[in-house]
Engineer: 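Shown below is the structure under consideration.
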Amino acid sequence: MIHALRGMKDLIFDDARRYEYIIQTLSRIARNYGFEYIETPILEETRLFKRSVGESSDIVGKEMYQFTDKGGNDVCLRPEGTAGVVRAFVQAKLDRQQGQKYRFFYHGPMFRYERPQKGRLREFHQFGVESFGEKSVEEDFTLIVMLAEIFEALGIRTRVKINSLGCTVCMPPYRQRLVGYLEAIAQELCPDCQRRIATNPIRVLDCKNEQCQNLLEEAPKLSQELCEECDRDFTRLQKLLTDAGIAYEVDTHLVRGLDYYSGAAFEFVSDEIGAQSAVAGGGRYDRLVEFLEGRPTPGVGFAIGIERIMELVRMPQERREGWYLGAMTPEALDRLLPLARQLRRSHRVVVEYAPKGLKAHLKGADKANARYCAVIGEEELSKEHIWIKDLEAREEKTVPLKELEEIEAQ
RNA sequence: GUGGGUAUAGCUCAGUUGGUUAGAGCGCCAGAUUGUGGCUCUGGAGGUCGUGGGUUCGAGACCCAUUACCCACCCCA
């Protein structure tokens, strides 16, 4: 038997319904917040991600599905969604519309060659939004509010963590101070952290090693060394969240894993899904458009991991819907087919082609989750009638075929 | 890449210290008088016990290898 590749799953039955419901719900909310749909290619040039996500990240360093296509291009399956949307933004020359705001939402598959575990697949799906041209911290606030609304709508309990990653003014000096501190205690840090001092010192902060965490308690904190502007924004963000009644925790160790983040960073976590607890993450990336050769344009966005919230979603109760049509004789089937075609203009219709007894048809209609079971038997056929039962109300009636056709044609 | 766990029916799992024709529940199919679903009852189909070796008179059980899946580390949504 040919099996799906490791870390790749079919969405079928309940999973498919949940996926569809999630996408519909999130799309609706995104539109209410002024975002519009964008779709970008799943395959992109590798250098897009090297420049945006960053070569020092594991994602680009060792997790990409990368290959050379038949034209000799170095390409890869997208490992995340932001880079493609920013590329599309620059390619459409929207960066030339200074002062304009653009807001997009997207959803679709992402690929990372990792060892699968709970909440982590090689092909997984994200729903994300990207907002361009809005520098105000109110936009950061609005995205967090939006996420809160999303998880509330889906019936998922989450905790909100926020942090500020600083800007070009305050981050570089902080980074230097941090490196100085880390070098002094380097021998006591785990091997990974020792390596990170050179490659990406900020990420030492969210090392999961307990000994490292203890050593880091005395480390300089960016939150205390933010420049005036960043500090003002971060304080304002906290005030807005408090006023809006959104509980949050400031997590100075919250470091987004991708290089393009700056300024506000946030993460929504769930305590009900195992080790991979981050269900959504995002933040500001005011320099990313420049990295991709666009004119400087502020940006902020987030992404939600669909698979991570799938089992948590509270689905609305499913109701019986549409029609089941069945015939008790071969001749009766000939009358059913045109009727099905008519009904399908506006209703869900399932047709059973095999002639069967009434009981079998009722069972079939029940299994098909149809609201109405309509059957033509010998009796009905001779009078040009059709027998209809409402499976929910348990009421039945026999009406002329013509009547049903006319009513449903509207 | 590293570590741990699990592989028996379509699904969830039982299978005692190795011992005859490998079981249950759910699901599926067919019936319970001739045209009435969900509930109940009866019957039925369906398994080379992940794969390959080995130990043994005898292996679903024990040993080795291999593959797949799951969980955790790493990293991230």
Engineer: Around atom CG of A:Asp69, are there more than 12 heavy atoms from other residues, nucleotides or ligands closer than 6.0 Å?
Structural biologist: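 Result for CG/A:Asp69: enclosed.
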Engineer: Rounded to whole angstrom units, what separation is found between the CG atom of A:Leu121 and the C1' atom of B:A72?
Structural biologist: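 Spelled out: CG on A:Leu121 to C1' on B:A72 is 16 Å.
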Engineer: Only pairs with both distances under 3.5 Å count, Watson-Crick or wobble alike; so what is the partner of B:C26 in this structure?
Structural biologist: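 Partner of B:C26: B:G10.
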Engineer: Could you check which of B:A77, B:C73, B:G35 has an atom nearest any side-chain atom of A:Tyr261?
Structural biologist: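 Of B:A77, B:C73, B:G35, B:A77 is nearest to the side chain of A:Tyr261.
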Engineer: What's the CD1-P distance between A:Ile2 and B:G50, to the nearest Å?
Structural biologist: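 So the two atoms are 22 Å apart, to the nearest Å.
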Engineer: Using OP1 and OP2 only, check whether a side-chain N or O of A:Gln117 sits under 4.0 Å from B:C73.
Structural biologist: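 Affirmative; the distance criterion is met.
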Engineer: Between A:Lys118 (NZ) and B:G4 (P), how many Å, whole number?
Structural biologist: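 Interatomic distance, NZ of A:Lys118 to P of B:G4: 22 Å.
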Engineer: Say whether, by atom type as modelled, one donor and one acceptor occur between the side chain of A:Ser131 and the main chain of A:Arg103 under 3.5 angstrom.
Structural biologist: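 Not at all, since once roles are kept as given, no pair shorter than 3.5 Å links the two residues.
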Engineer: Which nucleotide, if any, forms a Watson-Crick or G-U wobble pair with B:G1, using both distances under 3.5 Å?
Structural biologist: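 Pairing partner, where one exists within any strand: B:C73.
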Engineer: With side-chain contact (heavy atoms from CB on, under 4.5 Å) as the test, would you mind laying out the steps for A:Tyr113 and A:Met64 before giving the verdict?
Structural biologist: CA-CA 6 Å; A:Tyr113 196 87; A:Met64 289 209 293; over 6 Å; no
Engineer: Any donor-acceptor pair, under 3.5 Å, between the side chain of A:Glu380 and the base of B:G35, if you only look at N and O atoms?
Structural biologist: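 Result: at least one qualifying N/O pair found.
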Engineer: Under 3.5 Å, is there an N or O donor on one side and an acceptor on the other linking the side chain of A:Arg115 and the base of B:C71?
Structural biologist: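 Per atom types, no contact qualifies.
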Engineer: Whole-Å distance between B:U36 C1' and A:Leu362 CG?
Structural biologist: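 My rounded result for the distance is 5 Å.
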Engineer: OP1 or OP2 of B:C70 versus the side-chain N and O atoms of A:Lys9: is any pair under 4.0 Å?
Structural biologist: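 For B:C70, OP1/OP2 do have a side-chain N/O of A:Lys9 under 4.0 Å.
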Engineer: Could one point to a donor on the side chain of A:Lys389 or the base of B:U36 with an acceptor on the other under 3.5 Å away?
Structural biologist: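 Yes.
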Engineer: Under 6.0 Å from the six-membered ring centre of A:Phe268 and within 45° of its axis: does the NZ or CZ of A:Arg159 meet both?
Structural biologist: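 No cation-pi geometry.
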Engineer: Any side-chain N or O of A:Lys367 below 4.0 angstrom from OP1/OP2 of B:C29?
Structural biologist: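 The answer is yes; a side-chain N or O of A:Lys367 sits under 4.0 Å from OP1 or OP2.
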Engineer: Calculate the interatomic distance between A:Glu114 atom CD and B:G1 atom P; express it in whole Å.
Structural biologist: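 My rounded result for the distance is 13 Å.
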Engineer: Using a cut-off of 6.0 Å, state whether more than 12 heavy atoms not belonging to A:Glu392 lie near its atom CD.
Structural biologist: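 Buried by this count: over 12 neighbours within 6.0 Å.
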Engineer: If each of A:Ala278 and A:Glu395 is mapped to the nucleotide of RNA chain B with the nearest heavy atom, which maps nearer the 5' terminus, i.e. the 5' end?
Structural biologist: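 The residue mapped nearer the 5' terminus is A:Glu395.
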Engineer: Give the rounded distance in Å between these two atoms: OH of A:Tyr113 and C1' of B:C74.
Structural biologist: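 Whole-Å distance recorded here is 16 Å.
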Engineer: Expressed as a whole number of Å, how far does the C1' atom of B:C26 sit from that of B:A14?
Structural biologist: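 Their C1' atoms lie roughly 14 Å apart.
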Engineer: Which whole number of Å gives the distance between the C1' atom of B:A59 and that of B:G15?
Structural biologist: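 To the nearest whole Å, 14 Å.
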Engineer: Given B:U36, B:C71, B:G38, which nucleotide is nearest the side-chain atoms of A:Trp387?
Structural biologist: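 Nearest nucleotide to the side chain: B:U36.
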Engineer: In Watson-Crick or G-U wobble terms, both distances under 3.5 Å, what is the partner of B:U34?
Structural biologist: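 The base-pairing partner of B:U34, which may sit in any strand shown, does not exist here.
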Engineer: Students often mix this up, so state it plainly: with edges at 30° and 60°, are the rings of A:His107 and A:Phe127 parallel, tilted or perpendicular?
Structural biologist: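 Geometry flag for A:Phe127 against A:His107: parallel rings.
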Engineer: Could you pick out which residue, A:Ala4 or A:Arg320, lies toward the 5' side of RNA chain B when each is mapped onto its nearest nucleotide?
Structural biologist: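 Counting from the 5' end, the first nearest nucleotide belongs to A:Arg320.
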Engineer: Whether the side chain of A:Arg308 and the base of B:C76 hold a donor-acceptor pair under 3.5 Å is what I'd like checked.
Structural biologist: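 Indeed there is one.
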Engineer: With under 30° as parallel and over 60° as perpendicular, where do the rings of A:Phe89 and A:Phe132 fit, or are they tilted in between?
Structural biologist: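 Aromatic pair A:Phe89/A:Phe132 classed parallel.
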Engineer: Side chain of A:Arg112 only, heavy atoms from C-beta on: which candidate in B:C76, B:A32, B:G35 is closest?
Structural biologist: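 Of B:C76, B:A32, B:G35, B:C76 is nearest to the side chain of A:Arg112.
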Engineer: For the pair made of CG in A:Leu77 and P in B:A77, what is the distance, rounded to whole Å?
Structural biologist: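 From A:Leu77 CG to B:A77 P: 18 Å.
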Engineer: Using the C1' atoms only, state how far B:G10 lies from B:G46, rounded to an integer number of Å.
Structural biologist: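 These two C1' atoms come out 9 Å apart once rounded.
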Engineer: Between B:A77 atom C1' and A:Lys161 atom NZ, what is the distance in whole Å?
Structural biologist: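 About 14 Å, once rounded to whole Å.
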Engineer: Between B:G60 and B:G50, how far apart are the two P atoms, rounded to whole Å?
Structural biologist: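 The answer is 10 Å between these two P atoms.
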